[in-house]
Chemist: 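Quick one: the structure is below, questions incoming.
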Protein chains: 2
Amino acid sequence: MKNNQKILIVGGVAGGASAAARLRRLDEHAEIVMFERGEYISFANCGLPYYIGGEIKEKAALTLQTPASFHARFRVDVRTFSEVTSIDATNKTVTVKNVKTGEAYTESYDKLILSTGAEPIKPNLGAEDSARVFTLRNIPDTYRIKEFIEQNNPKRAVVVGGGYIGVEMAENLHSAGLDVTIVEMANQVIAPLDYDMACDVHHHIESKGVKLLLGTAVKSITDNGSSLQIAYEGGEINTDMLIMAIGVKPESALAKNAGLALNERGFIVVNENMLTSNLDIYAVGDAVEVTDFVTGQKAAIPLAGPANKQGRIAADNICGIDSRYTGTQGSAILKVFDMTVATTGINEKTAKRLGMKYDKSFTYSASHASYYPGSVNMSIKIIFEPNTGKLLGAQVVGYDGVDKRCDVLATAIRAGMTAYDLTRLELCYAPPYSSAKDPVNMAGYVIENILTGKVKNFHWHDVKDLPRDGSVTLLDTRTTIEFENGSIDGFINIPLDSLRSRIHQLDKSKPVYVTCQVALRGYIAARILMQNGFDVYNLSGGYRLYHSIFS
Amino acid sequence: MKNNQKILIVGGVAGGASAAARLRRLDEHAEIVMFERGEYISFANCGLPYYIGGEIKEKAALTLQTPASFHARFRVDVRTFSEVTSIDATNKTVTVKNVKTGEAYTESYDKLILSTGAEPIKPNLGAEDSARVFTLRNIPDTYRIKEFIEQNNPKRAVVVGGGYIGVEMAENLHSAGLDVTIVEMANQVIAPLDYDMACDVHHHIESKGVKLLLGTAVKSITDNGSSLQIAYEGGEINTDMLIMAIGVKPESALAKNAGLALNERGFIVVNENMLTSNLDIYAVGDAVEVTDFVTGQKAAIPLAGPANKQGRIAADNICGIDSRYTGTQGSAILKVFDMTVATTGINEKTAKRLGMKYDKSFTYSASHASYYPGSVNMSIKIIFEPNTGKLLGAQVVGYDGVDKRCDVLATAIRAGMTAYDLTRLELCYAPPYSSAKDPVNMAGYVIENILTGKVKNFHWHDVKDLPRDGSVTLLDTRTTIEFENGSIDGFINIPLDSLRSRIHQLDKSKPVYVTCQVALRGYIAARILMQNGFDVYNLSGGYRLYHSIFS
Ligand SMILES: Cc1cc2nc3c(=O)[nH]c(=O)nc-3n(C[C@H](O)[C@H](O)[C@H](O)COP(=O)(O)OP(=O)(O)OC[C@H]3O[C@@H](n4cnc5c(N)ncnc54)[C@H](O)[C@@H]3O)c2cc1C
Ligand SMILES: Cc1cc2nc3c(=O)[nH]c(=O)nc-3n(C[C@H](O)[C@H](O)[C@H](O)COP(=O)(O)OP(=O)(O)OC[C@H]3O[C@@H](n4cnc5c(N)ncnc54)[C@H](O)[C@@H]3O)c2cc1C
Ligand SMILES: CC(C)(COP(=O)(O)OP(=O)(O)OC[C@H]1O[C@@H](n2cnc3c(N)ncnc32)[C@H](O)[C@@H]1OP(=O)(O)O)[C@@H](O)C(=O)NCCC(=O)NCCS
Ligand SMILES: CC(C)(COP(=O)(O)OP(=O)(O)OC[C@H]1O[C@@H](n2cnc3c(N)ncnc32)[C@H](O)[C@@H]1OP(=O)(O)O)[C@@H](O)C(=O)NCCC(=O)NCCS
C-alpha cells in the first residue's frame with residue numbers, strides 16, 4: 001500500500017459510499033473522490049416505496065449522508081451531478097461530465113471502484129414517454145411518483161411486475177389510496193418463492209383489495225391522454241398511472257467500453273477480491289456477477305447487503321487487506337401488508353432447473369408458544385440434499401417471527417449445516433418468543449424423519465394423479481368437523497385418535513395416502529399404519545397447503 | 001430393539017411427555033407407562049407466571065395434553081397422582097405410590113426414563129410454612145398464588161431472587177396490581193448476563209415501578225400474622241406475600257437411592273445417549289448433568305428446549321437409534337416488561353472464572369433501518385477468543401429484534417463460527433426488519449477490527465484508573481451538545497468532524513483515550529489519530545454503556 005494513493009469511486013450509494021467510508025478509515029491519507037451522477041448520495045433505495053406510501057414521512061430520512069456531511073466525516077471529495085462517461089484504463093483516467101453544465105474533465109486514479117448499480121428494465125411496449133409511466137430507482141423517481149399522485153389525484157394504478165419492488169409499490173400505492181392491480185407474467189409473485197409458497201401471499205394481497213393478474217404478459221401500453229390503456233393476451237385494463245417494475249439490468253456500459261470483462265448478461269466479472277479483469281479497477285454491487293453460495297454457479301443477485309459488504313471488501317483490498325467475498329445466497333425479505341415473506345438459498349425451481357438432486361419439506365409452526373397470546377403460524381419450506389440432508393434453501397411465509405427463522409436458516413446454510421444440525425440448534429425459548437421446539441428445530445425433525453425413512457411423503461402436485469378407483473386408500477385423519485368443512489376429493493375420514501380402533505377397516509394390501517391439516521397427525525397416522533404393515537405416504541404440508549394452492 | 005418392550009417414564013412434563021410421544025411414534029407396540037406425581041401432565045411450566053399476571057387467561061391453556069388426550073393420541077398409560085418412590089435396578093421394577101390413597105404397587109420395566117425435573121430451593125430462613133410464602137414450579141403452585149391474591153388482596157409482594165423466574169414473577173405480580181420488590185443477593189439480576197449488560201435491565205425494571213434491592217441477602221423471614229417481615233443485612237422490609245425464586249435443585253433422590261451415579265451437586269450423570277450409569281435407565285431434563293457446549297465442562301442448565309430434546313433422544317436410543325445430545329449452550333430469553341433479554345454461550349464472568357483467554361465487544365445497533373419508523377436500539381455483548389475470533393457467547397438486551405439476533409448468534413456458536421464469519425452472514429434485509437449491515441454483521445466488523453489491530457479498546461471498568469494528571473489525553477468526540485448533556489469526568493471535547501482540523505491541539509507523545517456515544521465515532525477518531533502517529537484507545541460501548549453502568 002503506497003502513500004497518498006488516489007482512489008476514484010463511481011456511484012455514491014450502497015456499494016460506493018460504503019467503500020469510500022471504509023477506505024477512509026483504512027487510509028487517512030488517500031485522496032478519495034466519489035462521483036455520483038445524481039443529486040443525492042447514500043440514500044435509502046430500499047426505503048423509497050415507503051416514502052411514497054407515507055410510512056416514511058420526512059424527505060430527509062431518505063438520505064443517510066449528504067455530500068457535506070460525508071466530507072466532514074470522511075474527507076471524501078464527493079462530486080454529485082457528475083457522471084463518469086468513460087474510463088481510459090491504459091492511462092488510468094476517467095472522463096467526468098458535469099450533468100448540469102455539460103462540462104467535461106478528466107481525473108486520474110491509482111485505483112478505481114465501480115458501483116454503478118442496476119437500472120430498471122424499460123420494455124418497448126409503448127407510452128415510454130408518458131407522464132403516467134414510472135420506474136423507481138432513486139430519489140427523483142420517488143418524488144416524481146409522489147408528486148404525480150398529489151397533483152393528479154389518480155384513482156387507479158397498475159404495477160407491472162410482482163417482484164419485491166413491484167409488491168412493495170403495490171402496497172404503498174394502496175396505502176396512498178389508489179386502487180391497485182399487479183400484472184405479472186409468471187403465475188406467481190416474488191420469484192424467489194416457489195409457486196406453492198406464493199399462494200398464501202396471493203391470498204393475502206387479494207384480501208387487502210389489491211388485484212392480481214397473474215400469468216399475464218403486457219402486450220402494449222397506450223397513453224390516451226386521460227389514462228393509460230394496457231393490453232394483454234385476452235384483455236385490457238385502464239389505469240391512471242403505471243409502475244414498471246419487471247426487474248433491473250446492470251449499469252455496465254462504462255465497464256464494457258473500458259474493455260472490462262462482462263458476462264453474457266452484461267454483469268461485470270470480478271474475482272473474490274471484487275477485482276475486475278483490470279488490476280486497478282474494482283467493481284461491486286448490483287452491476288457485478290457473483291457466485292451463488294449454494295450452487296457455486298454464476299449469478300446476479302441485486303441486494304443491498306451484498307453491495308455494502310462488497311464495497312467494504314473492495315476497500316480492504318485496495319488497502320492491502322486480502323478480504324474475500326464468499327458468494328451470495330440471496331437472503332431476502334419483504335413486508336407484504338401484514339405478512340412477511342423471507343427466502344434464503346435456492347428454491348425448488350432452481351434445484352429443478354439445475355437438475356440437482358433435492359427433496360423438500362413443508363412445516364407450519366406457531367411463531368411462539370400457542371398458549372401465550374398473539375401466536376400466529378408460519379409456513380416453512382426447506383430444500384435439502386436427499387442423501388446428506390444438507391440445507392440448500394428455505395422459504396418462510398407468515399407474520400411475526402418469520403424474519404427470525406429465515407435468518408437462523410440463512411446462518412445454518414452459511415455454516416453448511418444439515419437438517420440434522422437443525423434439530424440440535426439451541427434457540428432461545430420463553431413463551432413470548434418461541435416454543436421449546438422452535439419452528440426451525442421442528443423443520444429439522446421433520447426432515448430427519450424423511451431422511452431416515454420414518455415416513456414417506458407425497459406432495460400436493462401428486463394428489464391429482466392418485467387413483468380414485470379403490471386401488472389405494474385415501475385417508476384424512478382430521479376430526480369429523482374439520483373434514484366436513486372441506487377435504488380433498490376422494491379421501492375418506494378416520495380421525496387420528498380413532499385410527500387404532502378402526503384400523504381393521506383398512507385393507508393392508510393397498511397403499512395408504514394419508515393427510516391431515518398440516519401433516520403432523522398424518523405423520524403419526526403413518527407411523528401407526530407402517531408399524532401395522534401398511535405401505536403409507538403422508539401429504540407434506542397437509543390439507544392446509546393443498547387448500548392454499550387450489551382454493 | 002425387541003418387540004413389546006415395556007418402558008416406564010417417571011415425570012410427565014417436558015422431558016417425560018416428549019419421550020413418551022416419540023417412543024410411541026417409533027414403537028407402536030411397546031407398552032409405555034408414564035407416572036406423574038401431580039394431577040397434571042404436559043403442562044406449560046414456562047407459562048405459569050403469565051397466568052398469574054393475567055396475560056394467559058384460560059386455565060386450560062396451561063395444559064397441552066391431558067391424560068385422556070395423551071392416551072387417545074399415543075396409547076400411553078398415563079398415571080397421575082402416582083409417585084415413583086423407589087427403583088429396584090436389579091430386578092428392574094419400580095415402586096409406585098398412589099398419592100391420593102397411599103396405596104403402593106410395583107411395576108416392572110425393560111427400560112426406564114427419569115424426567116423428574118428440579119424443585120425450587122427453599123432456604124431455611126423461617127416462615128417456611130407461612131401461607132404468605134410461595135414457590136412456583138407447577139400448576140397447583142400457580143393456582144395457590146393466584147387464589148391468594150384474589151382472596152387476600154395483598155398490596156405488596158417481595159420476590160427473593162432476580163433470576164428468570166424471579167423477574168417474570170415480579171413483572172406478573174406488578175401486572176396483577178401489586179407493589180413489588182425484588183431482593184437479590186448478587187449485584188445484578190439475570191445471572192447469565194454480565195453486570196455491564198444487566199444495568200439497562202435494572203433501569204428498565206425500576207422505571208416500571210418495581211423496586212430492586214441488589215446485593216441484598218435475606219437473613220430471616222418472619223410471619224407476624226398480618227404480614228411478612230424480611231430482614232437483611234442493614235435493613236428490613238414488610239410485605240404481604242413472598243415468592244422464593246432463588247434457583248432450583250435436581251429431583252434426584254430416586255436416582256440416588258437406586259444407586260445411579262450423581263455428580264457432587266446431585267445431578268444425574270448421563271452419557272451422550274442420555275443413559276445413566278445403569279444400562280436400562282435413561283435420564284433427561286433438569287435433573288441431569290450436561291456438557292456445556294462452549295467450555296466442554298460439566299454443567300446443569302435447566303431449560304425446556306434441552307429437556308424436550310433430551311426426551312426425544314432417550315426415546316430414540318431405547319428404540320435402537322443412536323441419537324446423541326451434543327451439549328447445552330444455555331440459549332435463554334426473557335421478557336422484562338417491554339424489554340427483551342437474551343443470552344447464549346458463556347458470559348465474561350464464566351470466561352474469567354475458568355481462566356479462559358477471551359476478549360469482548362459491545363455494540364449498539366438499530367433493530368431495523370433507522371429511517372423506517374419504529375426502529376429501536378439493542379445492545380450486544382460478545383465474548384470471543386482473542387486469537388481466532390471464535391465466538392464463545394453473546395448477550396443481547398433491547399426491544400424489538402433481540403430474539404432474532406440472539407438466535408442467529410446461537411446458531412453461529414453452534415456452528416463453531418468466528419467473528420469473521422459474522423461479517424459474512426447474509427441475513428435478510430428490508431427496512432422494516434434490519435439494516436443492510438445487520439447488527440450481527442456489525443458486531444462481526446467491530447470484532448474483526450479488534451482482532452486485526454485496526455483499533456485498541458479500553459473498557460468502562462478501566463475509566464476510573466485513567467490518569468487525570470494530563471499525562472494522557474482523554475477525548476470525547478461527540479457533538480458539543482451531547483458533551484454538555486453529560487460526560488465522563490476529565491474528558492475534553494473535540495467533535496469528530498472537527499478532529500482533523502484541530503488535531504494539532506493534541507499532543508502526539510501522549511496516549512489518547514477516546515470516547516463517543518456508542519464507540520463508532522470513537523473508532524473513526526481512533527483511525528484518524530492512529531494514522532497520524534498517536535497511540536489511541538477507544539472506549540468500547542462508549543458513553544452510553546458507561547452512563548448505563550454508572551448512573
Ligand atoms: C425501490 C427499491 C427498493 C429496494 N429494496 C431493497 C431491500 O429491501 N433490500 C435489499 O437488500 N435491497 C433492496 N434494493 C436493492 C438495493 O438498493 C441495491 O441492491 C443496492 O442499492 C445496490 O447498490 P449499488 O451501489 O450497486 O447501486 P446503487 O445503490 O443503485 O448506486 C449506484 C449509483 O451509481 C450512480 N451511477 C451509475 N453510473 C454512474 C456513472 N457513470 N457516473 C456517476 N454515477 C453513476 C447511480 O446514479 C446510482 O446512484 C432496493 C432497490 C430499490 C430501487
Ligand atoms: C415458572 C417457570 C418458568 C419457566 N420458564 C422457562 C422458560 O421461559 N424457558 C425455558 O427454557 N425454561 C423455562 N422453565 C424451565 C422448564 O420448565 C424446565 O427446564 C423443564 O420443564 C424441565 O423439564 P423436566 O421434564 O426435566 O422437568 P419438569 O417439566 O419439571 O417435569 C418433572 C415432573 O416430574 C414429576 N416427578 C418428579 N419426581 C417424580 C416421582 N418420583 N414420581 C412421579 N413424578 C415425579 C414432577 O411432579 C414434575 O411434574 C421454567 C420453569 C418454571 C418453573
Ligand atoms: C451510510 C454509509 C456511507 C455508511 O458507511 P459506513 O460508515 O461503512 O457504515 P456504518 O455507519 O454502518 O458504520 C460501520 C463502521 O462502523 C464500525 N462500527 C459500528 N458500530 C461500532 C461500534 N459500536 N464501535 C466501534 N465501531 C463500530 C464498523 O466496524 C464499521 O467500520 P469498518 O467498516 O471500518 O469495520 C453507507 O452504508 C451508505 O451510503 N448507505 C446508504 C445506501 C445504502 O446502503 N442503500 C441500500 C440500503 S437502503
Ligand atoms: C406436548 C408434548 C407431549 C408434545 O410432544 P411431541 O408430540 O413430541 O411434540 P409436538 O406435538 O411438538 O410434535 C413433534 C413431532 O411432530 C412432528 N411434526 C411436527 N410438525 C410436523 C409436520 N408439519 N409434518 C410432519 N411431522 C411433523 C415432528 O417431527 C415430531 O415428531 P418426531 O419427534 O417423531 O420427529 C410435550 O412436548 C409436552 O408435554 N410439552 C409440554 C411440557 C413442556 O414442554 N414444558 C416446557 C415448555 S413450557
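Residue numbers begin at 1 in each chain, while the letters A, B, ... track the order of the sequences.
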Chemist: Does any N or O in the side chain of A:Gln310 come within less than 3.5 Å of the main-chain N or O of A:Gly285, such that one atom is a donor and the other an acceptor?
Modeler: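 Indeed, once roles are kept as given, a pair shorter than 3.5 Å links the two residues.
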Chemist: As an exercise: rank A:Cys428, A:Gly330, A:Pro306 by heavy-atom pairs under 4.5 Å with chain B and give me the winner.
Modeler: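 Heavy-atom pairs under 4.5 Å are most numerous for A:Cys428.
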Chemist: Run the salt-bridge test on B:Arg405 and B:Asp438 with the 4.0 Å N-O cut-off and return the result as yes or no.
Modeler: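 So B:Arg405 pairs with B:Asp438 through a salt bridge.
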Chemist: By a 4.5 Å heavy-atom criterion (distance strictly below it), what part of A:Tyr51 contacts chain B: side chain, backbone, both, or neither?
Modeler: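 Looking at A:Tyr51, nothing touches chain B.
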Chemist: So what's closer than 4.5 Å to chain B heavy atoms on A:Arg24: side chain, backbone, both or neither?
Modeler: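 It is both, since atoms from each part get that close.
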Chemist: Using non-hydrogen atoms and a 4.5 Å limit, figure out which bit of A:Thr340 sits close to chain B: side chain, backbone, both or neither.
Modeler: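 When you check distances to chain B, atoms from both the backbone and side chain of A:Thr340 fall under 4.5 Å.
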Chemist: Does any heavy atom of chain A fall under 4.5 Å from the side chain of B:Tyr420, the backbone, both, or neither of them?
Modeler: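 Neither part.
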Chemist: Please look at A:Ala72 and chain B and tell me whether the side chain, the backbone, both or neither of the residue comes under 4.5 angstrom of a heavy atom of that chain.
Modeler: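 A:Ala72 touches chain B through backbone and side-chain heavy atoms alike.
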Chemist: Checking heavy atoms, do the side chain of A:Ile321, its backbone, both or neither come under 4.5 Å from chain B?
Modeler: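 For A:Ile321, side-chain heavy atoms alone lie under 4.5 Å from chain B.
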Chemist: May I ask you to say whether A:Glu426 pairs ionically with B:Lys309, meaning some side-chain N is under 4.0 Å from a carboxylate O?
Modeler: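 Here A:Glu426 does not pair with B:Lys309 in a salt bridge, since their nearest N and O are not under 4.0 Å apart.
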Chemist: Quick check for you: among A:Arg424, A:Arg73, A:Arg414, which has the greatest number of heavy-atom pairs under 4.5 Å with chain B?
Modeler: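 So the answer, after comparing A:Arg424, A:Arg73, A:Arg414, is A:Arg73.
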Chemist: Using side-chain heavy atoms (C-beta onward) and a distance below 4.5 Å, is A:Pro439 in contact with A:Ser434?
Modeler: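 Of all side-chain heavy-atom pairs linking A:Ser434 with A:Pro439, at least one is under 4.5 Å.
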Chemist: So which of A:Asn308, A:Asn532, A:Ile413 has the largest heavy-atom pair count under 4.5 angstrom toward chain B?
Modeler: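 Highest number of pairs under 4.5 Å: A:Asn308.
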Chemist: Do A:Tyr429 and A:His368 have side chains that get closer than 4.5 Å, going by heavy atoms?
Modeler: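 No; the side chains remain at least 4.5 Å from each other.
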Chemist: Heavy atoms, side chains only, cut-off 4.5 Å: are B:Leu409 and B:Leu422 in contact?
Modeler: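 Yes; the side chains approach each other to less than 4.5 Å.
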Chemist: Identify which of B:Arg521, B:Gln329, B:Met530 forms the greatest number of heavy-atom pairs closer than 4.5 Å to chain A.
Modeler: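 Greatest number of close heavy-atom pairs with chain A: B:Gln329.
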Chemist: Please classify the contact of A:Asn441 with chain B as side chain, backbone, both or neither, using a heavy-atom distance under 4.5 Å.
Modeler: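 Side chain only.
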Chemist: Please identify, among B:Cys46, B:Ala304, B:Ala14, the residue contributing the most non-hydrogen atom pairs under 4.5 Å to chain A.
Modeler: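 Result: the option with the highest number of such pairs is B:Cys46.
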Chemist: Quick check against the 3.5 Å criterion: does A:Arg527 have a side-chain atom that pairs as donor or acceptor with the backbone of A:Lys454?
Modeler: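 Confirmed, A:Arg527 side chain pairs with A:Lys454 backbone.
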Chemist: Which region of A:Phe293, side chain (C-beta onward) or backbone (N, CA, C, O), has a non-hydrogen atom less than 4.5 Å from a non-hydrogen atom of chain B, or is it both or neither?
Modeler: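 For A:Phe293, neither part sits under 4.5 Å from chain B.
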Chemist: In terms of heavy-atom pairs under 4.5 Å with chain A, which of B:Tyr164, B:Tyr50, B:Phe74, B:Tyr371 leads?
Modeler: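 Maximum pair count with chain A is reached by B:Tyr371.
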Chemist: With respect to chain B, which residue among A:Glu168, A:Lys437, A:Arg500 yields the maximal number of heavy-atom pairs within a distance under 4.5 Å?
Modeler: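 Heavy-atom pair counts peak at A:Arg500.
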Chemist: Looking at every heavy atom in both A:Gln395 and A:Thr343, which two are closest together, and how far apart are they?
Modeler: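 It is CG-CG2, 4.1 Å.
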Chemist: Heavy-atom pairs under 4.5 Å with chain A - which of B:Gly47, B:Ala415, B:Ala412 has more of them than the others?
Modeler: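 The candidate making the most pairs under 4.5 Å is B:Gly47.
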Chemist: Go through the atoms of A:Thr411 and report whether side chain, backbone, both or neither lie under 4.5 Å from a heavy atom of chain B.
Modeler: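 Backbone plus side chain of A:Thr411, per the 4.5 Å heavy-atom cut-off to chain B.
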Chemist: Is there side-chain contact between A:Tyr433 and B:Asp407, with heavy atoms separated by less than 4.5 Å?
Modeler: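 Sidechains of B:Asp407 and A:Tyr433: no contact.
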Chemist: Output the option from B:Pro373, B:Gly401, B:Ala410 having the highest count of non-hydrogen pairs under 4.5 Å with chain A.
Modeler: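 Highest number of pairs under 4.5 Å: B:Pro373.
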Chemist: Please tabulate, for the side chains in residues 56-64 of chain A, all donor-acceptor contacts under 3.5 angstrom to protein atoms that are two or more places apart in sequence or on a different chain.
Modeler:
{"residue": "A:Lys57", "atom": "NZ", "partner": "A:Gly54", "partner atom": "O", "Å": "2.7"}
{"residue": "A:Thr63", "atom": "OG1", "partner": "A:Ala60", "partner atom": "O", "Å": "3.3"}

Chemist: Side chain, backbone, both or neither: which part of A:Thr423 has an atom under 4.5 Å from a heavy atom of chain B?
Modeler: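 For A:Thr423, the backbone is the part near chain B, not the side chain.
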Chemist: Should A:Glu55 and A:Lys335 count as an ion pair when the cut-off is N to O under 4.0 Å?
Modeler: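 Salt bridge: no.
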Chemist: Could you check which of A:Thr344, A:Ile313, A:Leu334 has the highest count of heavy-atom pairs closer than 4.5 Å to chain B?
Modeler: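 Highest number of heavy-atom pairs under 4.5 Å: A:Leu334.
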Chemist: Do any N or O atoms from the side chain of B:Ser69 and from the backbone of B:Gln65 form a donor-acceptor pair under 3.5 angstrom?
Modeler: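 No, because the side chain of B:Ser69 does not come within donor-acceptor range (under 3.5 Å) of the backbone of B:Gln65.
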Chemist: Please classify the contact of B:Leu425 with chain A as side chain, backbone, both or neither, using a heavy-atom distance under 4.5 Å.
Modeler: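 For B:Leu425, the contact with chain A is made by backbone and side chain together.
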Chemist: For B:Asp421, which atoms come within 4.5 Å of any heavy atom of chain A: side chain, backbone, both, or neither?
Modeler: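 Contact with chain A involves no heavy atom of B:Asp421 at all.
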Chemist: Main chain of B:Leu23, side chain of B:Asp27: is a donor-acceptor contact present, judged purely on distance under 3.5 Å?
Modeler: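 No, the answer is negative, given that no donor and acceptor are paired below the 3.5 Å cut-off.
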Chemist: Look at A:Ala21, A:Ser18, A:Ala332 and state which one has the largest set of heavy-atom pairs under 4.5 Å with chain B.
Modeler: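 Highest number of pairs under 4.5 Å: A:Ala332.
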Chemist: Using a 4.5 angstrom heavy-atom cutoff, name the option from B:Ser435, B:Ser501, B:Ala44, B:Ala342 with the most pairs to chain A.
Modeler: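 The residue among B:Ser435, B:Ser501, B:Ala44, B:Ala342 with the greatest pair count is B:Ala44.
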Chemist: Sort B:Arg75 into side chain, backbone, both or neither according to what part of it lies under 4.5 angstrom from a heavy atom of chain A.
Modeler: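 B:Arg75 touches chain A through backbone and side-chain heavy atoms alike.
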Chemist: Ignoring hydrogens and geometry, is there a side-chain-to-backbone donor-acceptor pair from B:Glu28 to A:Ile528 under 3.5 Å?
Modeler: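 No, the answer is negative, given that no donor and acceptor are paired below the 3.5 Å cut-off.
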Chemist: Can you tell if the side chain of B:Ser331 reaches within under 4.5 Å of the side chain of A:Leu427, non-hydrogen atoms only?
Modeler: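 No, their side chains stay 4.5 Å or more apart.
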